[in-house]
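These notes concern the structure reproduced below.
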Amino acid sequence: MRTITVLGATGSIGQNTIDVISRHPNEFRVFAITGHSKLDALVKLAVQCSARYVVLSDPDTYQDFKSLMQAANCHSEILVGAQALDDVCSAPEVDTVMSAIVGAAGLLPTLSAVRAGKRVLLANKESLVMSGQLFMNAVREHKAELLPIDSEHNAIFQCLPRDFEYGNLEKSGITKILLTGSGGPFRSLPESSFDSITPDQACAHPNWTMGRKISVDSASMMNKGLEFIEAKWLFGLHENDIEVVLHPQSTIHSMVQYIDGSVIAQLGNPDMRTPISYGLSYPQRISSGVEALDFPSLADFTFSKPSKSRYPNLYLAIEACKQGQSATTAINAANEVAVDAFLNGRIKFTDIANINEQVLQKSDSIELTSIAQVLEHDEQARSLAKTILRKLN
Ligand code: NAD
Ligand code: MG
């Protein structure tokens, strides 16, 4: 029996995690779930999974939430605030933490789980983008077990040999990591129309159902850029080891190419319950509710190289990755500010890349040797992005 805390339970990944857990009541028990808004959904989840604790990251929602819990006759204990988030990640009863808060807000609770030596199921890619080296050092120091949930990284993890040594591609005869991406909803939209893209259009991903921030990131392919950085840290790669390949059907979730000419791919329907269940049950496999692939009905299987003019954010993120930690921290912060402004109708879709590029150019390149410094650098990049944003309005 595994005991689990789900950070960001009300989100797309969080709800899929509770779905998989609910299919296996004899194997998993929920210790705590956390949420920031969507209070109704949080109450429903608490009832569904009989969570011992429910954590509200925003303390101002406590009274409303308490009334909803009473009305639902739900007796989970309510905790509030940042310390409570840390506590439910590091509690001795917990062995597994699903890290599915979106954005920079996920970093500190995820690190608490890492520092407590838990099995950490990492969906929150922003943690690694912000603090890759420090994060991986903490994983090693505290003997945490880090399992990737992002579908591409979960696929790569499945395609690597079991005895893969961090960063040592040569030993395993690996020549390349092929990171696939669908290209999002604007793969064939004329680039001249990009200025008039609306938030709802950007959030309508052709293959995946996800939260709004990652949906916009997928449309701009910033998501693939963040995943490039995430892959570097998860597997100890050099930038030249990773190639991004457009695969609009989202059936192959990523691949590993070997020196003998073999390419090992992981395939499946685009449903996050597959990587989530693999992380929950690793090294065993459990049912996830995902339909098996029906090969005869797979019409096309195509691949191409993502264009620089269509997807400037992808190439900015790769550039930041080459520059180093302070650049990836800065571009991640800039992108969060820009995507939020786009979703709130304040800027155009194409402004996201403008803001990210300017922040990348203007922020200081410094060595970040502590999480406090990472957070300070993140804050500076956010203010810089907000200044640029005001000039655009
Ligand atoms: P979402 O927007 O659907 O959910 C986000 C969750 O984070 C919610 O529970 C929300 O309450 C919580 N949250 C938001 N702001 C918070 C704050 N300030 N403090 C504490 N909690 C806060 O997002 P999602 O699509 O589930 O994505 C979650 C993470 O997983 C992201 O980092 C994303 O990049 C990653 N991811 C998602 C998918 C996917 O298919 N959705 C795939 C791969 C990786
Ligand atoms: Mg992904």
Side-chain angles (χ1 to χ4, degrees), residues 5-19 32-42 44-46 54-61 65 79-86 88-89 98-110 112 120-130 148-157 179-184 203 205 207-218 221-231 234 244 247 250 252-254 266 268-276 279 290 314 332 335-336 339-340 343:
T5 284
V6 182
L7 294 170
T10 52
S12 166
I13 293 288
Q15 301 217 25
N16 276 314
T17 305
I18 304 290
D19 180 284
I33 58 174
T34 85
H36 194 65
S37 51
K38 294 195 189 157
L39 302 185
D40 288 319
L42 195 55
K44 271 196 194 141
L45 290 165
V54 182
V55 184
L56 301 168
S57 40
D58 177 2
D60 293 345
T61 57
F65 186 69
L79 307 173
V80 293
Q83 184 59 51
L85 280 179
D86 287 351
V88 296
C89 290
M98 166 55 80
S99 162
I101 289 175
V102 61
L107 175 62
L108 292 180
T110 307
S112 293
V120 178
L121 308 183
L122 189 73
N124 177 269
K125 63 195 85 187
E126 294 90 346
S127 294
L128 276 178
V129 174
M130 289 175 75
I149 297 302
D150 214 344
S151 57
E152 297 75 4
H153 307 74
N154 190 273
I156 294 164
F157 180 65
L179 192 63
T180 56
S182 72
C203 289
H205 196 280
N207 308 340
W208 296 93
T209 312
M210 308 178 285
R212 284 172 79 78
K213 191 256 177 186
I214 185 177
S215 295
V216 176
D217 286 347
S218 298
M221 280 195 87
M222 176 49 119
N223 183 50
K224 210 52 54 186
L226 299 178
E227 289 180 356
F228 187 101
I229 302 163
E230 182 186 13
L234 274 173
V244 177
H247 167 54
S250 299
I252 293 180
H253 300 307
S254 278
Q266 188 262 353
N269 278 314
D271 187 321
M272 288 306 291
R273 291 177 299 174
T274 296
I276 290 168
V290 179
L314 166 63
N332 178 64
N335 184 60
E336 281 191 27
V339 170
D340 185 64
L343 283 171

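Remember, it's 1-based here, ligands and their atoms both numbered in the order they're listed. Count residues from 1 along the sequence. Heavy atoms only: backbone and side chains are in, while hydrogens, waters and symmetry mates are out.
The contact set between ligand 1 and A123, taken as ligand atoms under 4.0 Å from a residue heavy atom, comprises 30 (O), 32 (O), 35 (C), 36 (N), 44 (C). Close contacts of ligand 1 with A105, meaning ligand atoms under 4.0 Å from a residue heavy atom, involve 17 (C), 18 (N), 19 (N). Remark: ligand 1 atoms within the under-4.0 Å shell around heavy atoms of I214 are 25 (O), 33 (C), 34 (O), 36 (N), 37 (C), 38 (C), 42 (C), 43 (C), 44 (C). For ligand 1, the atoms sitting less than 4.0 Å from at least one non-hydrogen atom of N124 are 32 (O), numbered in the order shown with element in parentheses. In summary, the atoms of ligand 1 found under 4.0 Å from a heavy atom of S57, numbered by their order in the structure, are 19 (N), 20 (C), 21 (N).
Nearest approach of V54 to F65, heavy atoms of both residues: CG1-CZ, 3.6 Å. Between L85 and L7, the shortest heavy-atom contact is CD2-CD2, 4.1 Å. Taking all atoms of both residues into account, the shortest heavy-atom contact from P148 to L234 is CB-CD1, 3.8 Å. In terms of heavy-atom proximity, A123 sits nearest to M98 at CB-SD, 4.4 Å. Taking all atoms of both residues into account, the shortest heavy-atom contact from S254 to E152 is OG-CB, 3.3 Å. Counting all heavy atoms, side chain and backbone alike, D150 lies closest to K125 at OD2-NZ, 2.9 Å.
Residues S151 and H253 have side chains that never bring a donor and an acceptor to within less than 3.5 angstrom of each other.
Ranking protein heavy atoms by distance to atom 22 (C) of ligand 1, first place goes to H36 CB, 3.4 Å. The protein non-hydrogen atom at the shortest distance from atom 4 (O) of ligand 1 is G11 CA, 3.1 Å. Here the protein heavy atom with the shortest distance to atom 29 (C) of ligand 1 is I101 O, 3.8 Å. With hydrogens left out, the protein atom closest to atom 14 (C) of ligand 1 is V102 CG1, 3.8 Å, a heavy atom. The nearest protein atom to atom 3 (O) of ligand 1, hydrogens excluded, is given as S12 N, 2.9 Å; this is a heavy-atom distance. Residue, atom and distance of the protein heavy atom nearest to atom 32 (O) of ligand 1 are E126 OE1, 2.7 Å.
Every N/O-N/O distance between N223 and ligand 1 stays at or above 3.5 Å. Not one N or O of S151 is nearer than 3.5 Å to an N or O of ligand 1, by distance alone. In terms of polar-atom proximity, R212 is not counted as a contact of ligand 1, lacking any N or O under 3.5 Å from an N or O of the ligand. Checked against a 3.5 angstrom limit, the closest N/O atoms of M210 and ligand 1 fall outside it. Close N/O approach between G211 and ligand 1 is found [any backbone or side-chain N/O within under 3.5 Å].
Restricting D150 to its N, O or S atoms, the one at the least distance from the Mg ion (ligand 2) is OD1. When distances from the Mg ion (ligand 2) to the N, O or S atoms of E152 are compared, OE1 comes out shortest. The closest approach of E227 to the Mg ion (ligand 2), by N/O/S atoms, is made by OE2.
For the pair N124 (side chain) and S127 (backbone), a donor-acceptor distance under 3.5 Å is present. For the pair N269 (side chain) and D271 (backbone), a donor-acceptor distance under 3.5 Å is absent. Remark: the backbone N or O of I252 is paired with a side-chain donor or acceptor of T180 at under 3.5 angstrom.
Of the heavy atoms in K213, none comes closer than 4.0 Å to ligand 1. The backbone of A100, and not its side chain, has at least one atom closer than 4.0 Å to an atom of ligand 1 (non-hydrogen atoms only; backbone = N, CA, C, O).
A heavy-atom separation below 4.0 Å is found between K125 and ligand 1.
M272 is not listed as a side-chain neighbour of S12, based on a closest heavy-atom distance of 4.5 Å or more. Contact of the I101 side chain with the E126 side chain is not registered, since no non-hydrogen atoms from C-beta on lie closer than 4.5 Å. The shortest side-chain heavy-atom distance between C203 and V216 falls under the 4.5 Å cut-off.
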Stepwise side-chain contact (heavy atoms from CB on, under 4.5 Å) check, D19 with R273: CA-CA 8 Å; D19 180 284; R273 291 177 299 174; 3.3 Å; yes
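Distances from atom 37 (C) of ligand 1 to the heavy atoms of T10, L122, V129, I13 put I13 nearest. If you check each of D150, L39, I276, T209 against atom 43 (C) of ligand 1, the one with the closest non-hydrogen atom is D150.
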